[in-house]
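Presented below is the structure to which this report refers.
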Amino acid sequence: MSRRFPEGFLWGGATAANQYEGGWKEGGKGITVSDCARHHLDIDVTDYKAHNAITTAEVMAALESSDDSLYPKRHGSEGFSHYKEDIALFAKMGFKVYRMSIAWARIFPNGDELEPNEEGLKFYDAVFDELAKYNIEPLVTMSHYEPPINLLLNYQGWYSREVIPMFTRYVETICTRYRDKVKYWLTFNEVDSMIRHPYTTGALIEDRFPGLNFEEVIFQAMHHQFVASALATKICHEIIPESKVGCMLTKLTYYPYTCKPEDVLTAQQYMRSTYCYSDTQVFGEYPSYLLSKFKNDGINLSMEADDLEIMKKYPVDFVSFSYYSSSCAAASEEGKEITAGNTISAIKNPYIPSSDWGWQIDPIGLRVSLVDLYDRYRKPLFIVENGLGAKDELVNGTVEDDYRIAYFEAHFKAMLDAIELDGVDLMGYTSWGCIDIVSESTKQMTKRYGFIYVDADDYGNGTYNRYPKKSFYWYKGVIESNGAVLFED
Ligand code: BGP
């Protein structure tokens, strides 16, 4: 009997409203931070920090600009008008689950309204009804880099405490409206990414906090998201008793560059610097080592009396995460080659290959990550982002993306090893960018992840026609055989 994944394994794919939908002003939607993030195609694609840097002046210029070619997330993959066609293609691949996000600004355009935008609610009703036609289960991210820009302009982003009740009003609205259509939810996408791109995740720009310790501002904003995430979990369980709510972390995996003890210690410290956020959402309290960091770095969070009680009372049901690549860590980076990863720059591992964007390809690292997370949390896991951003070429209406098939094949085998050999409880898998969408970091359309090619360039030019790639048919075979095809000669 050839190997296969467990019965009921949730195979699928993932997008996010800010990178997929476009229609940035349609259906009553408000403007989001992502709509004001322009691309910088002249900057080295491995320079993550530069691609995510932004100032208030640049936001104001974006709000004035009608040149959408500079702001790729305004059109994304034009999913707002193509979603029915796309969902039919997902169904053709056999998707069991589809991870997507609801754009907060479609429901509350400025975030602070008391009444929701009915047109926005209707749009997602239609999306969920389309998914239901094909028995595809939605897995919905409540916040995926889509804070309304109003929260930055007229509040202090997530640093403002009053954003918590705005968010819980949004959560109450969508859980009530979609109580019969959605049972799998994620609260914040990569809550830890607030540290590495505070604008995208928390609507924070340093120049708006003169005289303040910006690191403290970021952790205060993250505290508000932790409270909001716990309240969202509470609300979701109350309105949809059978719901499962997950946290979502950027699974960065670091190897010691050498067996020198100081390199091993550095790698351990780097791993803790991401685990501390999922620890907080899974165990419902700040881990001692994060509290030590706060104390040692002079970070003083202001909390209300029942914040910690709320966080403790409403931990998540499962742990979801993104995994793309692994990196190396060493006590000193002196003389070592640096490369990029998801939201980071790090020491390059000389033993493994890299993508065209410098992200290192390491399927064994996915198994290492699954074992680490399952041993740490003993909660069901869900891989909600994984994939290869590559320069695809459309020839005769398809893309011969054997490189992407090789990436997925190796990662799927590592996943099954983790399940069968390491005892990991893995609920499902949604590949990132199951259809070509705008990159979060470089805002490029040409950093393609999809099983489906979208005819559009980095400036928004193109027909936006969809073309299944070679990997589209390969993934269809994987899903219908529940992975058995991976082990046939
Ligand atoms: C993660 C985000 C996704 C996606 C992914 C790939 O951090 O959750 O939104 O963008 O990174 O990164 P990129 O799009 O920069 O290639």
Side-chain angles (χ1 to χ4, degrees), residues 13-21 32-35 37-41 43-54 72-73 76-77 79 99-103 139-147 186-202 225 246-253 274 277-278 320-325 327 339-346 354-361 369 382-392 404 407 411 430-450 454 456 458:
T15 64
N18 80 94
Q19 296 162 255
Y20 167 70
E21 285 182 359
T32 71
V33 296
S34 289
D35 298 324
R38 62 164 290 167
H39 55 40
H40 300 285
L41 300 176
I43 294 178
D44 178 345
V45 292
T46 63
D47 185 350
Y48 193 89
K49 275 204 174 69
H51 280 283
N52 271 290
I54 192 164
K73 293 185 175 179
S77 314
R99 181 197 175 205
M100 55 177 277
S101 69
I102 291 177
L139 166 57
V140 176
T141 313
M142 298 171 179
S143 178
H144 194 139
Y145 303 158
E146 292 132 3
L186 305 177
T187 58
F188 290 89
N189 183 69
E190 298 179 336
V191 68
D192 52 282
S193 63
M194 177 89 81
I195 303 286
R196 297 179 298 276
H197 45 61
Y199 169 74
T200 309
T201 307
Q225 286 199 348
C247 64
M248 195 287 195
L249 85 144
T250 316
K251 184 63 190 77
L252 300 175
T253 298
T274 55
Y277 310 109
S278 40
S320 79
F321 63 97
S322 58
Y323 173 87
Y324 293 91
S325 58
S327 310
T339 189
N342 184 21
T343 74
I344 58 161
S345 301
S354 301
S355 76
D356 291 334
W357 275 261
W359 296 20
Q360 296 214 272
I361 298 168
S369 302
F382 210 127
I383 299 169
V384 296
E385 290 184 25
N386 171 253
L388 178 68
K391 292 178 186 133
D392 293 347
R404 182 168 290 109
Y407 178 99
H411 284 77
T430 56
S431 73
W432 176 254
C434 49
I435 181 170
D436 289 350
I437 53 178
V438 172
S439 153
E440 147 45 35
S441 49
T442 61
K443 288 81 178 168
Q444 291 172 291
M445 194 66 202
T446 49
K447 183 178 186 186
R448 297 176 184 277
Y449 282 92
V454 173
D458 288 335

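By convention here, the first residue in the shown sequence is residue 1. As the structure lists them, so they are numbered: ligands from 1, and atoms in each ligand from 1.
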Could you check ligand 1 for N or O atoms lying under 3.5 Å from protein N or O atoms and list the pairs with distances?
unit_1	atom_1	unit_2	atom_2	d
ligand 1	7 (O)	Glu190	OE1	2.5
ligand 1	7 (O)	Glu190	OE2	3.0
ligand 1	7 (O)	Asn342	OD1	3.2
ligand 1	7 (O)	Asn342	ND2	3.2
ligand 1	8 (O)	His144	NE2	3.4
ligand 1	8 (O)	Asn189	ND2	2.9
ligand 1	8 (O)	Glu190	OE1	3.3
ligand 1	8 (O)	Glu385	OE1	3.1
ligand 1	8 (O)	Glu385	OE2	2.7
ligand 1	9 (O)	Gln19	OE1	2.7
ligand 1	9 (O)	His144	NE2	2.9
ligand 1	10 (O)	Gln19	NE2	3.0
ligand 1	11 (O)	Asn342	OD1	3.3
ligand 1	14 (O)	Ser439	OG	3.4
ligand 1	14 (O)	Glu440	N	2.7
ligand 1	15 (O)	Ser439	OG	3.3
ligand 1	15 (O)	Ser441	N	2.9
ligand 1	15 (O)	Ser441	OG	2.5
ligand 1	16 (O)	Lys447	NZ	2.7
ligand 1	16 (O)	Tyr449	OH	2.5

Worksheet entry | Ring geometry between Tyr323 and His411 (parallel below 30°, tilted from 30 to 60°, perpendicular above 60°) | tilted

Worksheet item: What class does the angle between the rings of Tyr145 and His197 fall in, given that below 30° is parallel, 30 to 60° is tilted and above 60° is perpendicular?
Response: perpendicular

Discussion item. Using the side chain to side chain donor-acceptor pair (under 3.5 Å) definition, which of the options Gln360, Glu385, Lys251 pairs with Tyr324?
Written reply: Glu385

Worksheet item: Does Glu146 reach the main-chain N or O of Ala17 with its side chain, forming a donor-acceptor pair under 3.5 Å?
Response: yes

Worksheet entry | Salt-bridge contact Glu440-Lys73 (side-chain N to carboxylate O under 4.0 Å) | yes

Worksheet item: Is there a donor-acceptor contact under 3.5 Å from the side chain of Ser325 to the main chain of Ile361?
Response: no

